[in-house]
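Per chain, numbering begins at 1; letters A, B, ... match sequence-line order.
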Protein chains: 2
Amino acid sequence: MALRHAVLAALLDGEYSGYQLAKTFDVSLSNFWYAVPQQLYAELAKLEREGLIVGRQVIQRDRPNKRLFTVTDAGLAELAAFAATPSKPSSIREDLLVMVQAVDRLDPAPVIVQLEERAVTAAAKVEIFDRMLQRMRGELDEETFLREGDRIGPYLTCLRGRRFEQENREWCERVAALLRARASLPG
Amino acid sequence: MALRHAVLAALLDGEYSGYQLAKTFDVSLSNFWYAVPQQLYAELAKLEREGLIVGRQVIQRDRPNKRLFTVTDAGLAELAAFAATPSKPSSIREDLLVMVQAVDRLDPAPVIVQLEERAVTAAAKVEIFDRMLQRMRGELDEETFLREGDRIGPYLTCLRGRRFEQENREWCERVAALLRARASLPG
DNA sequence: CAGACCATGTAAAACGTTACATGATTCG
DNA sequence: CGAATCATGTAACGTTTTACATGGTCTG
């Protein structure tokens, strides 16, 4: 049971359609979960069958109709039970790290290229997170918002995501520069 | 195709049995990949069938016999092809982050407990990484080792893992303290 | 002598990814 | 008028997790 809870948590902030959730899982939640639309539609159908969410049809003239979902009391209870269950640290699975692990025995050139590309996308994600954080805290400074705000969960996970991407960026840049320097001095 | 390459990368540093690999995938490689023994035995069998690794039987008197595996030239070629394939960032899937995302709508107590536990295990992992890093660089200081060492891949991934766990620890501690403070002020 | 560690697997179930399928509207 | 966006799914395939299974040695 895994994606279930991520979906329930995402639906706490209001009604969403499968399509909208797919967007959310692509950006805001992407620091700790990712899912393709197909997976979300399947999970939403399952959650609705089990009564953890309810959907209502919204007829649209200009666009295809959609279904918006809300968490039920049963869904909230499920989330509470989940939060009370010990979680084990789930690992990162990063192809790029596997490549760097093996880089001494391979041609480093393609790895360097990928590191530099990743540094750029990580930097872009940091900026996205910064804008999301700003929007969430509004006028308040961070400290005040975290002390007094009434919806700080998404802010806190966003902070974690920001740090992660920042670290990612710094690491990628450092490793790329290092491998470049080594490649230019025949070993 | 995923675990394959992590296994091949792990086997670059010498011969390992399935059992030993399972240990490795539990600690050193755990910053970017984790696999249970069953998965490793299955993957090793598959890699051997495909000629990417070769195994040799080692008879032991005091213990059950074991098979040690080495990467073949074909295996190295497979790794090189992998390193030249664009990788997409694969996401973190953290139950604990899902819990924090939802924490405003739940009883925060069990989440706080888990955050504090996780902070402790993250701190322990930082120390493990520190010892691994020290062992790898030996007498040299980090800068010199990274400039001149001939097996820096594992060192670099270990650095990333260390940073990740350090960030994890700081975040968990901060969030736990914050939620505790908020819980004591009825809100 | 019980529990931990060494050592290797099979089988089933759950989960995730990719490909396929459809069809309307808006933007450039 | 082609591409992008909105909107929802099914089917096949591949990967991961969990449960089951076995049996020897070493440590307290």
Distance in angstrom units between [X] [atom1] and [N] [atom2], rounded:
{"X": "B:Arg61", "N": "D:dG23", "atom1": "CZ", "atom2": "C1'", "value": "20 Å"}
{"X": "A:Tyr34", "N": "C:dT17", "atom1": "OH", "atom2": "P", "value": "7 Å"}
{"X": "A:His5", "N": "C:dC15", "atom1": "NE2", "atom2": "C1'", "value": "14 Å"}
{"X": "A:Tyr16", "N": "D:dA7", "atom1": "OH", "atom2": "P", "value": "14 Å"}
{"X": "A:Gln20", "N": "D:dT5", "atom1": "CD", "atom2": "P", "value": "16 Å"}
{"X": "B:Phe25", "N": "D:dT17", "atom1": "CZ", "atom2": "P", "value": "12 Å"}
{"X": "A:Leu40", "N": "C:dT17", "atom1": "CG", "atom2": "C1'", "value": "13 Å"}
{"X": "A:Leu3", "N": "D:dT17", "atom1": "CG", "atom2": "P", "value": "15 Å"}

- Message: Before we go on, tell me: are the rings of A:Tyr16 and A:Phe69 under 6.0 Å apart, centre to centre?
- Response: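 Centroid distance A:Tyr16-A:Phe69: not below 6.0 Å, so no.
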Verify the contact: side-chain N or O of [X] to OP1 or OP2 of [N], cut-off strictly under 4.0 Å; return yes or no.
{"X": "A:Lys88", "N": "D:dT18", "result": "yes"}
{"X": "A:Tyr41", "N": "D:dT8", "result": "yes"}
{"X": "B:Lys23", "N": "C:dC6", "result": "yes"}

Between [options], which one does the side chain of [X] approach most closely?
{"X": "A:Gln38", "options": "D:dG9, C:dC6, D:dA7", "value": "D:dG9"}
{"X": "B:Lys66", "options": "D:dT8, C:dT8, C:dT17", "value": "C:dT8"}
{"X": "B:Trp33", "options": "C:dC15, D:dT16, C:dA7", "value": "D:dT16"}
{"X": "A:Arg67", "options": "D:dA7, C:dA7, D:dT8", "value": "D:dT8"}

- Task: By nearest nucleotide on DNA chain C, pick out whichever of B:Leu68 and A:Ala35 is the more 5' one.
- Result: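 Final value for this comparison: B:Leu68.
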- Query: Relative to the 5' end of DNA chain C, which residue comes earlier, A:Glu43 or A:Pro64, by the nucleotide with the nearest heavy atom?
  - Reply: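 First, find each residue's nearest nucleotide; the 5'-ward one identifies A:Glu43.
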- Query: Which parts of residues 48-58 of chain A get close to DNA chain D, meaning a heavy atom less than 4.0 angstrom away?
  - Reply: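 Going residue by residue through residues 48-58 of chain A, none turns out to have a heavy atom under 4.0 Å of DNA chain D.
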- Query: So which of A:Glu173, A:Glu165, A:Gln166 actually passes side chain to side chain donor-acceptor pair (under 3.5 Å) with A:Arg169?
  - Reply: A:Glu173
- Message: Hydrogens and angles aside, do B:Ser87 and A:Arg118 bring a side-chain donor and acceptor to less than 3.5 Å of each other?
- Response: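 Yes, side-chain donor-acceptor contact under 3.5 Å.
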- Task: Go through the steps to decide whether B:Glu50 and B:Arg4 satisfy the test salt bridge (Lys or Arg N to Asp or Glu O under 4.0 Å), and finish with yes or no.
- Result: CA-CA 11 Å; B:Glu50 295 174 30; B:Arg4 310 168 72 60; 2.5 Å; yes
For the atom pair [atom1] ([X]) and [atom2] ([Y]), what is the distance rounded to the nearest 0.5 Å?
{"X": "B:Asp73", "Y": "B:Leu52", "atom1": "CG", "atom2": "CG", "result": "11.0 Å"}
{"X": "A:Lys46", "Y": "A:Arg49", "atom1": "NZ", "atom2": "CZ", "result": "7.5 Å"}
{"X": "A:Leu44", "Y": "A:Ile53", "atom1": "CG", "atom2": "CD1", "result": "4.5 Å"}

- Task: Indicate, yes or no, whether a donor-acceptor pair under 3.5 Å links the base of C:dG16 to the side chain of A:Gln39.
- Result: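 Check fails, no donor-acceptor contact within cut-off.
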- Query: When all nucleic acid strands are considered with a 4.0 Å heavy-atom cut-off, which category describes A:Gln60: base, sugar-phosphate, or nothing?
  - Reply: sugar-phosphate
- Message: Taking A:Arg67 first and then A:Glu48, would you say they form a salt bridge - that is, a charged N and a carboxylate O separated by under 4.0 Å?
- Response: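 A:Glu48 and A:Arg67: salt-bridged.
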